[in-house]
Amino acid sequence: KNQVEQSPQSLIILEGKNCTLQCNYTVSPFSNLRWYKQDTGRGPVSLTIMTFSENTKSNGRYTATLDADTKQSSLHITASQLSDSASYICVVSPYTGFQKLVFGTGTRLLVSP
Amino acid sequence: KAGVTQTPRYLIKTRGQQVTLSCSPISGHRSVSWYQQTPGQGLQFLFEYFSETQRNKGNFPGRFSGRQFSNSRSEMNVSTLELGDSALYLCASSFSGDGYTFGSGTRLTVV
């Protein structure tokens with residue numbers, strides 16, 4: 001069964017600190033893996049997208065890594081800001097793009113001043 | 001380039017009523033997917049439409065239905081609303097069925 005698990009479920013960090021969120025998946029083969037940021041009550045916004053052949057992708061202070069062998073991905077946030085407080089969702093697209101996306105349940109990040 | 005537009009933004013309905021939500025995809029995108037998001041449940045897939053045809057369907061009761069028009073705009077309908085249908089309903093569009101762009105959602109409250 002295709003699954004995506006994220007950890008931790010929630011996280012509180014101080015402003016300015018770094019943090020790393022984890023995503024483990026069982027979807028195989030897969031087309032791409034995306035990290036989304038979702039502010040409360042809003043739609044998810046794509047941060048990064050990686051195909052199976054990519055190892056890392058950066059978007060400003062956000063850096064995603066992918067290890068296709070271990071089926072793990074991580075999202076590293078550098079020098080956190082209050083505006084980073086949101087849910088971060090890992091989404092895996094199966095190889096055949098017309099299949100249903102597989103969503104993780106997300107990590108809720110709170111950046112405290 | 002306009003993003004995915006969902007209307008209305010907020011909606012309050014009473015139990016037993018029905019509701020219709022609208023989604024206008026990014027121009028040129030032919031795939032539209034719908035998701036329900038409730039606290040603690042994450043995003044639950046409802047259905048996907050491509051060129052006016054339902055291509056995939058999630059595990060929701062028949063009270064949830066949808067359709068897509070020739071201009072790719074999509075609507076979803078929920079009949080006989082229940083309190084548990086209160087959620088954020090998200091629509092996402094895609095050109096090829098691969099990468100998805102989400103709308104801001106419709107917050108439905110059933111009282």
Side-chain angles (χ1 to χ4, degrees), chain A residues 1-10 21 23-25 27 29-54 57 59 64 66 86-110, chain B residues 2-11 21 23-26 29-51 53-60 86-109:
Chain A
K1 182 181 177 182
N2 287 337
Q3 287 186 311
V4 175
E5 295 183 352
Q6 293 187 243
S7 62
Q9 194 171 30
S10 61
L21 314 180
C23 171
N24 295 339
Y25 61 93
V27 181
F30 78 99
S31 174
N32 60 67
L33 184 149
R34 286 184 178 234
W35 282 93
Y36 284 89
K37 177 187 178 187
Q38 185 178 23
D39 292 313
T40 301
R42 309 291 296 183
V45 175
S46 181
L47 293 174
T48 63
I49 176 170
M50 291 181 291
T51 65
F52 67 91
S53 62
E54 295 179 290
K57 186 67 70 75
N59 178 2
L66 175 63
S87 289
Y88 292 84
I89 304 171
C90 175
V91 184
V92 180
S93 179
Y95 181 72
T96 304
F98 298 149
Q99 294 183 36
K100 294 178 277 187
L101 299 178
V102 186
F103 290 85
T105 53
T107 292
R108 191 166 186 83
L109 174 66
L110 176 62
Chain B
V4 178
T5 303
Q6 290 189 247
T7 57
R9 187 78 178 86
Y10 300 95
L11 203 51
L21 312 182
C23 172
S24 293
I26 290 173
H29 285 194
R30 294 189 295 167
S31 168
V32 174
S33 304
W34 288 89
Y35 301 86
Q36 181 196 66
Q37 188 177 36
T38 54
Q41 284 287 331
L43 284 108
Q44 304 291 316
F45 173 75
L46 281 156
F47 28 65
E48 180 196 10
Y49 287 87
F50 184 86
S51 294
T53 300
Q54 188 180 88
R55 192 162 60 182
N56 277 304
K57 190 177 187 304
N59 299 319
F60 277 82
S86 295
L88 179 67
Y89 289 88
L90 291 162
C91 156
S93 79
S94 170
F95 174 73
S96 61
D98 201 356
Y100 290 80
T101 301
F102 286 86
S104 294
T106 293
R107 170 71 65 185
L108 171 65
T109 302

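Just so it is clear: chains get the letters A, B, ... in the order the sequence lines come, proteins before strands, and each one is counted from 1. Just so you know, these numbers use all the heavy atoms, side chains as well, and skip hydrogens, waters and symmetry mates.
Interface check for chain A: of the options B/G105, B/G103, B/S104, the most heavy-atom pairs under 4.5 Å are formed by B/S104. In terms of non-hydrogen atom pairs under 4.5 Å with chain B, the most contact-rich of A/G43, A/G106, A/P44 is A/P44.
No side-chain heavy atom of B/Y100 sits under 4.5 Å from any side-chain heavy atom of A/V91.
Residue A/R42 holds its CZ atom at 4.5 Å from CZ of B/R9, rounded to the nearest 0.5 Å. Separating the OG atom in A/S46 from the CZ atom in B/F102 is a distance of 9.5 Å, to the nearest 0.5 Å.
With a 4.5 Å cut-off on non-hydrogen atoms, A/Q9 does not touch chain B at all. Using a 4.5 Å cut-off between heavy atoms, B/Q37 touches chain A through its side chain atoms alone.
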